[in-house]
Amino acid sequence: MNAYAPILVLGALGAGFAIFSVVMATLVGPKRYNRAKLEAYECGIEPTPTPAGGGRFPIKYYLTAMLFIIFDIEIVFLYPWAVSFDALGLFGLVEMLLFVLTVFVAYAYVWRRGGLDWD
């Protein structure tokens, strides 16, 4: 337990500072509210009204999300494989080739649907 004591003390100090900062900001900070401060933050652009059903998102939104997830998962699996490449041998090589082929199929799908065309 002695090895973890400095980590616990540092965590407690960090949490205490965060709580203290939030409480002091609400107590001491200015309270001048106006219409602009109460609006949702939209990068300076006036928010547009949305339909009752929430509206439709373009396909590029989903393709971009899918592309991010595909390559994020690929990196998560490629890094440990590269670290232990010698220990895995031929079996590890064949399995990774199958995995990369599967990822390539998803990449080709996104490319074919136009997810990589930024207009």
**Q** For a quick test of your reading: what N or O donor-acceptor pairs under 3.5 Å do the side chains of residues 93-104 make, sequence neighbours left out?
**A**
unit_1	atom_1	unit_2	atom_2	d
T102	OG1	L98	O	2.9

**Q** Find out if a path of hydrophobic residues (ILVMFWY) with successive side-chain heavy-atom gaps under 4.5 Å connects L13 to I19.
**A**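 Different clusters: L13 never reaches I19 through Ile, Leu, Val, Met, Phe, Trp or Tyr contacts under 4.5 Å.
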**Q** Taking atom CG of L8 and atom CG of L10, what is their separation to the nearest 0.5 Å?
**A**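 If I round to the nearest 0.5 Å, the distance is 9.5 Å.
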**Q** Do the side chains of F20 and V28 join up, straight or via other hydrophobic residues, at under 4.5 Å, putting them in one cluster?
**A**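 Yes.
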**Q** Considering only distance and modelled atom types, tabulate donor-acceptor pairs under 3.5 Å from the side chains of residues 77-88, sequence neighbours left out.
**A**
unit_1	atom_1	unit_2	atom_2	d
W81	NE1	G92	O	3.2
S84	OG	P80	O	3.1

**Q** Of all residues at least two apart in sequence or in a different chain, which pass the side chain to side chain contact (heavy atoms under 4.5 Å, CB included) check with N34?
**A**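 Partners of N34 by the side chain to side chain contact (heavy atoms under 4.5 Å, CB included) criterion, ordered by chain and then number, come out as A36, K37.
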**Q** With sequence neighbours left out, what residues match Y4 under side chain to side chain contact (heavy atoms under 4.5 Å, CB included)?
**A**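 Applying side chain to side chain contact (heavy atoms under 4.5 Å, CB included) to Y4 gives I7.
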**Q** Taking only residues two or more places apart in sequence, or in another chain, which ones meet V105 in a side chain to side chain contact (heavy atoms under 4.5 Å, CB included)?
**A**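 Side chain to side chain contact (heavy atoms under 4.5 Å, CB included) list for V105, sorted by chain: empty.
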**Q** Listed by chain and number, what are the ring pair (Phe, Tyr, Trp, His ring centres under 6.0 Å) partners of Y62, not counting sequence neighbours?
**A**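 Partners of Y62 under the ring pair (Phe, Tyr, Trp, His ring centres under 6.0 Å) test: none.
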